[in-house]
Amino acid sequence: MPELPEVETIRSFIEKRVQHKVITAIDVSLPRLIRNTTAENFVSVLTGTTIEGVSRRGKYLFLHCSGPSSVLVHLRMTGSLLYEDQPGAFSGRAVHVVFSLTEGRLLYRDIRTLGCLWLVPSEGPTGIKGYDNLGPDAISPAFTAEGLYRLLKETSRPVKTVLLDQTKVAGIGNIYVDEALFRAGIRPLRRAHRVTKKEAAKLHEAITDVLHEGLEHGGTTIRNFISGNGKEGQNQENLRVYGREGTPCTVCGTTIEYVKLNGRGTHYCPKCQK
DNA sequence: CCGATCCTGATA
DNA sequence: TATCAGGATCGG
């Protein structure tokens, strides 16, 4: 579910509230979510450490703990991290891991339970392939128009497929990719190496814009996304193609089309996008 | 490259 | 009852 803007919305909310607090206890009610060690080991290694900060790369969150081990989290489709002052504010369904802090609690909630938590070294490579192999973060200075043009040039895969490849650029997901391609006037199925340098520059700007707009509006809530405080995002009001199949394009009035690409729903305007 | 897979829940 | 869903990985 969450893409870069949703994950960053969660990160900034929870970091302020969990930073410098000690983990006094951890309750894991769904052990299979801990992917690379036992729940017992996860709990014993982390209990008593202090959360020094929360960082994000792509769609991953990293809880930096004071000991040699820290926590890596991927929310996948329906995961969320929530902070509550009072026990019970979010208790109930779909809360699978609870970090009790010196003050308040950090909850991992996940309806479809596709998300994962890993116990990783606090410094250096994590050993988690998906994380260690991430491309430049899509809102960092490391992601440039020139870099985008170069990585599009090297493949004939559809441009949308490349943008969703987290090893090429990290953080873009199915909603924002369709929105960015619409703004850049490029069809999702266009072969990547057919994108011109000028179009790549426009696409880079479109990606930057849609992600920052998503952030400014607290993320996009279509179904399940809630931030660290349980609030929904507002960016769904700004979507121009995602979920709008069968309705008129806001620019030209042509009916928005829907196709499947790599199993993902794909939305575009057949007139505005070439 | 495509589809199946991990899951639950909402909607058609 | 079937299909679809913000993701990522795996095997054929």
Side-chain angles (χ1 to χ4, degrees), chain A residues 1-11 29-36 56-61 72-81 92-97 108-118 126-135 137-138 155-182 188-189 191-192 207 210-211 213-215 217-228 231-246 258-267:
Chain A
M1 136 190 120
E3 306 179 32
L4 187 154
E6 290 74 35
V7 179
E8 179 58 26
T9 298
I10 289 172
R11 189 207 66 77
S29 53
L30 191 55
R32 68 173 165 77
L33 296 186
I34 316 292
R35 291 302 161 99
N36 64 342
R56 179 195 60 75
R57 275 183 62 195
K59 304 171 195 172
Y60 288 82
L61 287 170
L72 184 65
V73 182
H74 198 302
L75 307 172
R76 294 287 170 94
M77 297 289 263
T78 53
S80 189
L81 282 170
R93 293 180 1 275
V95 173
H96 306 301
V97 182
Y108 179 76
R109 177 177 183 271
D110 193 341
I111 292 170
R112 287 173 67 184
T113 68
L114 296 174
C116 341
L117 296 89
W118 297 268
T126 63
I128 308 306
K129 250 187 284 172
Y131 183 79
D132 291 341
N133 296 334
L134 284 174
D137 191 82
T155 177
S156 60
R157 299 157 88 199
V159 56
K160 171 165 173 173
T161 306
V162 179
L163 296 177
L164 288 178
D165 183 342
Q166 304 297 303
T167 69
K168 301 285 190 277
V169 50
I172 305 172
N174 205 39
I175 294 178
Y176 294 96
V177 71
D178 281 4
E179 294 299 312
L181 287 165
F182 171 77
L189 280 111
R191 286 169 177 270
I207 290 167
V210 296
L211 293 176
E213 284 173 34
L215 251 180
H217 294 99
T220 299
T221 300
I222 307 248
R223 263 166 291 271
N224 299 303
F225 172 70
I226 49 173
S227 180
K231 292 252 167 60
E232 299 188 338
Q234 295 304 320
N235 193 245
Q236 56 279 10
E237 291 163 26
N238 300 316
L239 302 183
R240 316 271 282 277
V241 286
Y242 186 90
R244 294 198 64 245
E245 62 270 30
Y258 177 91
V259 295
K260 284 263 185 189
L261 175 57
N262 304 334
R264 315 299 302 277
T266 297
H267 317 71

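We use all heavy atoms of the structure for the numbers below, so side chains are in, but hydrogens, waters and symmetry mates are not. We name chains A, B, ... by the order of the sequence lines, and we start the count at 1 in each one.
As a whole-Å value, the separation of A:R264 CZ from C:dG6 P is 5 Å. Summarising the geometry, the separation between CZ on A:R35 and P on C:dT9 is reported as 11 Å, rounded to the nearest angstrom. The CG-P distance, from A:L33 to B:dT8, rounds to 11 Å in whole Å. Regarding A:K129, its NZ atom lies at a distance of 9 Å from the C1' atom of C:dT9, rounded to whole Å. Between A:K260 atom NZ and B:dG3 atom C1' the separation is 12 Å, expressed in whole Å. The distance from atom CG of A:L114 to atom C1' of B:dC6 is 6 Å, rounded to the nearest whole Å. In this entry the distance linking CG of A:L164 with P of B:dC2 reads 14 Å, nearest Å. Per the geometry, CG belonging to A:N174 stands 8 Å off P belonging to C:dA5, to the nearest Å.
If you take CD1 on A:I222 and OH on A:Y242, they are separated by 5.5 Å, rounding to the nearest 0.5 Å.
Checking the phosphate oxygens (OP1, OP2) of C:dG7, no side-chain nitrogen or oxygen of A:H74 falls inside 4.0 Å. The side chain of A:Y258 contributes an N or O atom lying less than 4.0 Å from OP1 or OP2 of C:dA5. One finds no side-chain N or O of A:Q166 lying less than 4.0 angstrom from the OP1 or OP2 phosphate oxygen of C:dG7. OP1 or OP2 of C:dG7 has at least one side-chain nitrogen or oxygen of A:K59 nearer than 4.0 Å. Between A:N262 and B:dG3, a side-chain N or O to OP1/OP2 separation shorter than 4.0 Å is absent.
Looking at heavy atoms from C-beta onward, A:Y60 lies out of side-chain contact with A:V7 at the 4.5 angstrom threshold.
Here the separation of B:dC1 from C:dA5, taken at their C1' atoms, is 23 Å to the nearest Å. A gap of 15 Å separates the P atoms of B:dT11 and C:dG6, to the nearest Å. Taking atom P on both nucleotides, C:dT1 is separated from B:dC7 by 22 Å, rounded to a whole Å.
Shown are A:E3, A:K59, A:R56; of these, the side chain to side chain contact (heavy atoms under 4.5 Å, CB included) with A:E8 is made only by A:R56.
Side-chain proximity of A:I111 to B:dG9, C:dC4, C:dG6: nearest is B:dG9. Here B:dG9 is the nucleotide among C:dG6, C:dT9, B:dG9 with the atom lying nearest to any side-chain atom of A:R93. Closest to the A:R112 side chain, of the nucleotides C:dA8, B:dT8, C:dG6, is B:dT8.
Within the 4.0 angstrom heavy-atom criterion, no nucleotide atom of any strand lies near A:G263. If you check every strand for non-hydrogen atoms under 4.0 Å, A:Y176 touches nothing.
Contact detail for A:V162 and A:K168: the closest heavy-atom pair is O-CB, 4.0 Å.
With no hydrogens or angles considered, a side-chain donor-acceptor pair links A:D178 and A:H267 at under 3.5 Å.
The base-pairing partner of B:dC7, taking Watson-Crick or G-U wobble contacts with both distances under 3.5 Å, does not exist among the strands shown.
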(message) Evaluate A:L75 against A:I10 for side-chain contact (heavy atoms from CB on, under 4.5 Å), listing each step before the verdict.
(response) CA-CA 11 Å; A:L75 307 172; A:I10 289 172; 3.8 Å; yes
